[in-house]
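Remarks on the structure that follows.
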Amino acid sequence: MIRFGLCCIFIEEPIKFRTITAKTLSTLPRQQQLERISDICLKNAENLVESLHSVARMGIGAFRILSSFFPRYTHPEAGYVLEDLPDAKSILKILKHVNRLRGGKNIRLSFHPDQFVVLNSPNEEVVRKSIAEIEYHAALATLVGAEVINIHAGGGYGDKAASLKRFERGYALLSAAAQQRLTLENDDVLYTPSDLLPLCRDLRIPLVYDVHHHRCNPDSLSVEEATAKAMETWTLRKQEPYSHVSSPKQGWTGRDPKPHADYINPADIPDFWRDIGPFTLDVEAKHKEKAVVKLMDEWPIR
DNA sequence: GCATGTCAAGTTGTG
DNA sequence: CACAACTTGACATGC
């Protein structure tokens, strides 16, 4: 049994999350900055409520919240905390409503902090900023009841073993709220499931198994083996596993299989996934909810 | 209006 | 060595 998930945004549904750049904010006095940000955060909170209604209506069971939900939250100049915002009370109220809705509709929420979050960087400043960004996600996750903050292990810096050791150091600096939600995902160029599984076992971190990344960046494990080992990291924590799927834009014969296609080719989903579970499968496709709905139609669960 | 360039941030592989 | 790719497009500006 598979629960399908949508990532961040919609292509056809009339829901547009808003944002603002640090550059634009920098032209405004602080009070006006906070007003602009507050307005955007309030609208994004309302958008999230609408998102839950929409995905529930379409039979989608998970939703990834975009990282710029509170735009520029940790920016060195434009950054802020919720209490700074004129609409803080309304925003909080809506986010608590989101949490109740999520529970009532049984929708899993997650985050995927962007590529600038590198917990294993040799540069201390990068680690410090990465931790701030993860803690921002954790605060938001606590408010809305999101289970997962999923990241990649980071750079290799010519020595993957040493770099994974540095990951442990960064991980140790996170709050309990962040550690509780942090998950690791195999990436498409560097860290394979085999690389990450020992670390996941040692730190009790669930492994989000991205089958597309595994095909782009394989190791000695078969898809079957990697699936089974990844699932174990979740059941150990008594959580439903998460996996990711996407299809290559130019097909597997094209030059670079890494870019994502508009839709999922059902053939890219391992057949045996029908018989395991339950687990959540985030669909990473450019056509967003249309791709998820199409996949659910073309790849019916038993 | 609509087209186009820009947007905080890291790391890697490619042309 | 510049640039795309990564989960990603929306905002800002200038015509």
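Lettering follows sequence order; numbering is per chain, from 1. Below, all heavy atoms of this structure are taken into account, side chains as well, without hydrogens, waters or symmetry copies.
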Give, ordered by number, those residues of residues 141-157 of chain A having at least one heavy-atom distance below 4.0 Å to an atom of DNA chain B; if nothing qualifies, reply none.
A:Gly155, A:Gly156, A:Tyr157
Can you tell me the distance, in whole Å, between the CG atom of A:Asp210 and the P atom of C:dC6?
11 Å
Let me know the distance between CD1 of A:Ile37 and P of B:dA8, rounded to the nearest Å.
12 Å
Rounded to the nearest angstrom, tell me the gap between atom CG in A:Asn123 and atom C1' in B:dA9.
11 Å
Worked verdict on A:His214 versus A:Tyr209 for ring pair (Phe, Tyr, Trp, His ring centres under 6.0 Å):
CA-CA 8 Å; A:His214 193 206; A:Tyr209 177 53; 5.4 Å; yes
In whole angstrom, give me the gap between the C1' atoms of C:dC1 and B:dA8.
23 Å
Please state whether the rings of A:His112 and A:His244 are parallel, tilted or perpendicular, taking 30° and 60° as the class boundaries.
tilted
May I ask you to say what A:His213 touches in the nucleic acid, namely base, sugar-phosphate or nothing, with a heavy-atom cut-off under 4.0 Å?
sugar-phosphate
Atom pair distance, as rounded to whole Å: CG in A:Asp187 and C1' in B:dT11:
10 Å
Every protein N/O lying under 3.5 Å from an N/O of nucleotides 8-11 of chain C:
from, atom 1, to, atom 2, distance (Å)
C:dT8, OP1, A:Lys286, NZ, 3.4
C:dT8, OP2, A:Lys286, NZ, 3.4
C:dT8, O4, A:Gln115, OE1, 3.1
C:dT8, O4, A:Gln115, NE2, 3.1

Pairing partner of C:dA4 (Watson-Crick or G-U wobble, both distances under 3.5 Å)
B:dT12
Whole-angstrom distance between C:dC3 and B:dA9, as gauged at atom P
15 Å
A:Arg237/A:Glu147 ion pair, N-O < 4.0 Å
no
Could you give the distance separating C:dT7 and B:dG13 at their P atoms, to the nearest angstrom?
15 Å
In whole Å, what separates the P atom of B:dA3 from that of C:dA5?
22 Å
Roughly how many Å is it from NE2 in A:His112 to C1' in C:dC6, rounded to a whole number?
8 Å
Give one of base, sugar-phosphate or nothing for A:Glu77, where a contact means two heavy atoms less than 4.0 Å apart.
nothing
Within the 4.5 Å heavy-atom criterion, are A:Tyr80 and A:Cys41 side-chain neighbours or not?
yes
Measure CG/A:Asp188 against C1'/B:dT14 and give the value in whole Å, please.
14 Å
Determine whether the side chains of A:Asn265 and A:Ser247 contain a donor N or O and an acceptor N or O closer than 3.5 Å.
no
Touch check for A:Pro71, heavy atoms < 4.0 angstrom, all strands: base, sugar-phosphate only, or nothing?
nothing
Under 4.0 Å between a side-chain N/O of A:Lys129 and OP1 or OP2 of B:dA9, yes or no?
no
Are side-chain N/O atoms of A:Thr183 and A:Asn150 paired as donor and acceptor at under 3.5 Å?
yes
Honestly curious: do A:Val208 and A:Leu182 fall in one hydrophobic cluster under the side-chain, below-4.5 Å linking rule?
no
Do A:Val81 and A:Phe70 come close enough that some side-chain heavy atom pair is under 4.5 Å?
no
Distance, rounded to the nearest Å, where A:Arg64 contributes CZ and C:dC6 contributes C1'
11 Å
In whole Å, I'd like the distance from the CD atom of A:Glu133 to the P atom of B:dG10.
12 Å
Side chain to side chain, A:Glu125 and A:Lys129, heavy atoms closer than 4.5 Å
yes
Between atom CD1 of A:Ile15 and atom CD1 of A:Ile9, what is the distance when rounded to the nearest 0.5 Å?
11.5 Å
Look at all strands and tell whether A:Ser121 reaches a base, only sugar-phosphate, or nothing, counting heavy atoms closer than 4.0 Å.
sugar-phosphate
